[in-house]
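The structure appears below as structure tokens.
Below, each value reflects all heavy atoms present in this structure, side chains not excepted, and no hydrogens, waters or symmetry copies.
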Amino acid sequence: MQSFEIDKSDVLKVKNAILAGDETLKVVLEEYHASEIAILFERLDKSEQRHIINLLPAEIASEIISEMDEESHPEDLLFELHPDKRTEIVEELDYDDATDIISQLEDHEQKEILEDLTEDHASEIRNLLTYDEKTAGGLMNTELICVNINLTKKDAIDEIIRQSEEMEEFYTIYVVDDAEIFKGIVSLKDIIKAKHNAKITELVKIDAVYVHPDTDQEEVANLISQYNLTSIPVIDDHQKLLGRVTFDDVIDVMEAESTEDILKISGVSEDEELSGNWVEAVKSRLPWLIINLGTAFLASSVVRYFDPTIKLIPSLAAYMTIIAGMGGNAATQALAVTVRRISLYDLTDKQAYRTVLKEFTVGLINGAANGLIVFIFAFFFDGNPMLGLVIFLAMTGNLVIAGITGASIPLILKRVGIDPAIASSIIITTFTDVFGFLLILGLASKLLL
């Protein structure tokens, strides 16, 4: 089955069905999965979205809203619905999904929705709203299956059947003692295969990986990926089981974190929505561009200092842009790899050293290879082997600097508590521009004049 992509014909089909009447619309909507309808919503206006949500059963409508992209603002669509319909949908949602959507609303809007829910639903969502959305507590779902460690196989199966009636799906069974203290996990397969008189205490895996509610979502994602888990338990400081984070939530986290890192490395604020308008884009990007302008003045001051050298050897102006541009590209490559390493692993001092050493070696080899190409070009085009040597040395030196700064700066920023994805790109661009100009112009001044 191929992934669904928005097609004009699909959008037109749905729009025409809305105009044709509810019966026709129902038939057309049956052709699509809830997640596909959520994608189609990106091309429908709010009134058309409301019409479809009001037409569909709460079970399907809730799935559509939970699958909607964050930038499509499902919270606004939910709040604009009739209170009765809205309540039905919220109570169909998993607690974590309901919390994610409701948390985007204003306080008075949240209060209005929660007041219409049953006490149990409202209490669970209020509790989840207290956690930071980018932590395990903000991701977790409090709906889970747990059994007492002292139960027999038969009693445990009866308990699992009872609890599973309220759940759509579950991956892991959690084990607690009489005081509700988390003791480990057990698989349904192990319970079924166990002897008739077996007890959970004989089957439980006590070395289960777990997280606390304040654990950063990126660390949660790394743990689930590292240990190949379908879900991970969330426990408090007293070892009591609070909830679980499932792999489907982690997929969303990894996508969000990757997008955030890419935007930061590019000098774009994470607050800018990918589908936002030009005003939001300007507000997000302009401050970073102004900072970058300041660093550009620093690089230009180096060029001004060597203005007499450029006047005597005008061809240097052409090669300067090559040296600086290549250095910037090489540094960005090293930066991207290093930031990704940092996001995936907690690098030790030895690993950090090896990372910088590797990028130094890569920069040296790539610099020499590219420098040789430019040396040959300068030798034949300008007929000046010494100019070629200057360019060769400048290219090699700047790509070495690019590798070292691209790897070391994010590591240093991480050590001092600054997000390496935010400031690294501006700093390394300054280094490669300044040293690129300094190397070629300084060497030319010494060797050619």
Side-chain angles (χ1 to χ4, degrees), residues 59 91-99 118-128 130-131 135-217 219-251 253:
E59 182 181 355
E91 293 188 347
E92 282 288 339
L93 289 167
D94 288 338
Y95 289 132
D96 56 335
D97 291 332
T99 303
T118 63
E119 185 56 39
D120 287 344
H121 274 79
S123 177
E124 291 286 356
I125 293 173
R126 285 194 184 97
N127 178 51
L128 291 175
T130 62
Y131 297 109
T135 63
L139 290 173
M140 74 176 177
N141 189 346
T142 54
E143 292 179 300
L144 48 77
I145 291 181
C146 68
V147 297
N148 190 285
I149 195 169
N150 298 312
L151 291 181
T152 62
K153 169 182 176 176
K154 178 182 181 306
D155 291 338
I157 291 177
D158 289 341
E159 186 63 22
I160 292 167
I161 292 172
R162 184 186 67 79
Q163 293 183 36
S164 65
E165 289 178 0
E166 301 296 324
M167 296 179 62
E168 286 188 11
E169 55 191 358
F170 61 93
Y171 314 102
T172 307
I173 299 160
Y174 302 102
V175 180
V176 297
D177 63 12
D178 294 335
E180 299 298 320
I181 301 299
F182 176 69
K183 290 299 179 181
I185 62 173
V186 62
S187 71
L188 186 58
K189 177 183 176 181
D190 287 344
I191 295 176
I192 293 172
K193 289 176 63 179
K195 294 179 180 178
H196 181 71
N197 59 349
K199 288 189 175 183
I200 296 300
T201 186
E202 302 167 11
L203 307 174
V204 63
K205 296 177 182 176
I206 59 174
D207 58 345
V209 181
Y210 60 82
V211 294
H212 293 290
D214 58 352
T215 303
D216 185 83
Q217 63 176 9
E219 185 177 344
V220 177
N222 290 339
L223 285 171
I224 287 182
S225 175
Q226 180 179 347
Y227 292 98
N228 296 316
L229 305 173
T230 52
S231 66
I232 191 167
V234 183
I235 65 172
D236 65 15
D237 294 334
H238 303 291
Q239 300 296 300
K240 290 198 173 183
L241 186 62
L242 300 176
R244 59 176 178 146
V245 178
T246 55
F247 72 92
D248 55 320
D249 293 314
V250 164
I251 291 172
V253 168

Practice prompt. Could you check T246 against N141 for side chain to side chain contact (heavy atoms under 4.5 Å, CB included), going step by step and ending with a plain yes or no?
Written response: CA-CA 8 Å; T246 55; N141 189 346; 6.0 Å; no

Smallest separation among heavy atoms of [X] and [Y], with atom names:
{"X": "C146", "Y": "L241", "answer": "CB-CD2, 4.2 Å"}
{"X": "A136", "Y": "V220", "answer": "CB-CG2, 3.7 Å"}
{"X": "G137", "Y": "L128", "answer": "O-CD2, 3.8 Å"}
{"X": "P213", "Y": "Y131", "answer": "CB-CE2, 3.5 Å"}
{"X": "L151", "Y": "A156", "answer": "CD1-CA, 4.0 Å"}

Any luck finding a side-chain donor-acceptor pair between [X] and [Y] under 3.5 Å?
{"X": "T99", "Y": "D96", "value": "no"}
{"X": "D120", "Y": "T118", "value": "no"}
{"X": "T215", "Y": "H212", "value": "no"}
{"X": "D177", "Y": "N148", "value": "no"}

Practice prompt. Let me see the working for K240 and I181 under side chain to side chain contact (heavy atoms under 4.5 Å, CB included), right down to the final yes or no.
Written response: CA-CA 5 Å; K240 290 198 173 183; I181 301 299; 3.8 Å; yes

Measuring from atom [atom1] of [X] to atom [atom2] of [Y], what distance do you get when rounded to the nearest 0.5 angstrom?
{"X": "M140", "Y": "I232", "atom1": "CE", "atom2": "CD1", "value": "13.0 Å"}
{"X": "Q226", "Y": "N228", "atom1": "CD", "atom2": "CG", "value": "9.0 Å"}
{"X": "F170", "Y": "T230", "atom1": "CZ", "atom2": "OG1", "value": "11.0 Å"}
{"X": "Q239", "Y": "F182", "atom1": "CD", "atom2": "CZ", "value": "8.5 Å"}
{"X": "H121", "Y": "E92", "atom1": "NE2", "atom2": "CD", "value": "8.0 Å"}
{"X": "D94", "Y": "D97", "atom1": "CG", "atom2": "CG", "value": "5.0 Å"}

Worksheet item: So S225 and N222, side-chain hydrogen bond (donor to acceptor under 3.5 Å, both in side chains) or not? Walk me through it.
Response: CA-CA 5 Å; S225 175; N222 290 339; over 6 Å; no

Worksheet item: Y174 and side-chain contact (heavy atoms from CB on, under 4.5 Å): which partner among L144, V147, I145, I235?
Response: L144

Worksheet item: Do other residues, nucleotides or ligands put more than 12 heavy atoms under 6.0 Å from the CD atom of E59?
Response: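 No, not enclosed.
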
Worksheet entry | Main-chain N/O of I160 paired with S164 side-chain donor or acceptor, under 3.5 Å |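 Here the side-chain-to-backbone pair exists.
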
Item to complete: Please confirm whether the backbone N or O of E143 pairs with a side-chain atom of R244, one donor and one acceptor, at under 3.5 Å?
Response: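 At least one qualifying donor-acceptor pair exists.
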
Item to complete: Mind running salt bridge (charged side-chain N to carboxylate O under 4.0 Å, His left out) on R162 and D158 for me, showing each step along the way?
Response: CA-CA 6 Å; R162 184 186 67 79; D158 289 341; over 6 Å; no

Acceptor/donor pairs from residues 183-208 side chains to any protein atom, 3.5 angstrom cut, sequence neighbours excluded:
residue: S187; atom: OG; partner: D190; partner atom: N; Å: 3.1
residue: S187; atom: OG; partner: D190; partner atom: OD2; Å: 3.1

Item to complete: Check whether any side-chain heavy atom of I149 lies under 4.5 Å from a side-chain heavy atom of V176, and answer yes or no.
Response: no

Practice prompt. Dump the intermediate steps for side chain to side chain contact (heavy atoms under 4.5 Å, CB included) on V250 and V245, then the final yes or no.
Written response: CA-CA 8 Å; V250 164; V245 178; 4.1 Å; yes

Item to complete: Report the C-alpha separation of Y95 and I125 in whole Å, then their side-chain angles, then the decisive distance to 0.1 Å, and conclude whether the side chain to side chain contact (heavy atoms under 4.5 Å, CB included) test is met.
Response: CA-CA 6 Å; Y95 289 132; I125 293 173; 4.3 Å; yes

